[in-house]
Amino acid sequence: SGGAILTVTMRDFSVVESVQDVIVEWDGEPVEVFELVQSTVARTVFKLLVPSYEIPVQVAVDVFPALAQNNRGTFDFQYLDDRAPEIVDFAPPRGYADGGWRVTVELIRFDTGSAITCVVGDTPVNVTV
């Protein structure tokens, strides 16, 4: 994971003139800003490439102007495991407690050759692929 372009908007940030004026530390390591989109009193907008990282994990990102390091902003970036299956839809959204309902689940990144275990509440249920 990594390699995506991230656009960052900072409010109440010092006005800067170039990408060299913006310092970004990604989990403590420097990351290059490749484009300064805008820097005004109202906001500063810049772009960087998200570094590769073991996933899933959350990392702290610190941003500050080179000449005013006390004007620091910090945010967390969450890496998601884009290889893991994900439920994108299911229907119906509810049913009666006595059961017997057919439920359709739509997944992405699902290997149909995988063993499937499905549990509703504490009850294992049969699955048809």
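Heavy-atom contacts from other residues, nucleotides or ligands closer than 6.0 Å to CG of Asp12 number 12 or fewer. Annotation for Glu106: atom CD counts as buried by contact number, over 12 foreign heavy atoms lying within 6.0 Å. Heavy-atom contacts from other residues, nucleotides or ligands closer than 6.0 Å to CD of Glu17 number 12 or fewer.
Hydrophobic clustering, with ILVMFWY side chains joined whenever heavy atoms are under 4.5 angstrom apart, keeps Val50 apart from Val45. In this structure, Val8 is a member of the same hydrophobic cluster as Val31, with clusters built from ILVMFWY side-chain heavy atoms closer than 4.5 Å. Under the 4.5 Å side-chain heavy-atom criterion for grouping Ile, Leu, Val, Met, Phe, Trp and Tyr, Val119 is not connected to Val127 through any hydrophobic cluster. The hydrophobic cluster containing Leu107 also contains Phe90, counting ILVMFWY residues as joined when their side-chain heavy atoms lie under 4.5 angstrom apart, directly or transitively.
No close placement of the Phe75 and Phe77 rings is indicated, their centers lying 6.0 Å or farther apart.
Two residues are said to be in side-chain contact when any heavy atoms from C-beta on lie closer than 4.5 Å; Leu49 and Ile5 meet this criterion. For the pair Gln38/Arg43, a side-chain contact is recorded, criterion being any heavy-atom separation below 4.5 Å from C-beta on. Here the side chains of Val41 and Val15 are in contact, with some heavy-atom distance below 4.5 Å. A heavy-atom distance below 4.5 Å is found between the side chains of Glu25 and Arg72. Using a 4.5 Å cut-off on side-chain heavy atoms (C-beta onward), Val24 and Phe64 make no contact.
With Val16 as the fixed residue, the side-chain contact (heavy atoms from CB on, under 4.5 Å) test singles out one of Thr44, Leu67, Ile23, Val33: Thr44.
Between atom OH of residue Tyr79 and atom OG of residue Ser52 there is a gap of 7.0 Å, rounded to the nearest 0.5 Å. Within the model, atoms CZ of Arg11 and OG1 of Thr40 stand 9.0 Å from one another, a figure rounded to the nearest 0.5 Å.
Contact record, Gly73 with Met10: CA-CE, 3.8 Å, taken as the closest heavy-atom pair.
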Apply side chain to side chain contact (heavy atoms under 4.5 Å, CB included) to residues Trp26 and Val59 and explain how you reach the verdict. CA-CA 7 Å; Trp26 199 273; Val59 298; 3.4 Å; yes

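Scanning for side chain to side chain contact (heavy atoms under 4.5 Å, CB included) contacts around Ala68 gives Ser14, Pro65, Asn70, Asn71, with sequence neighbours left out.
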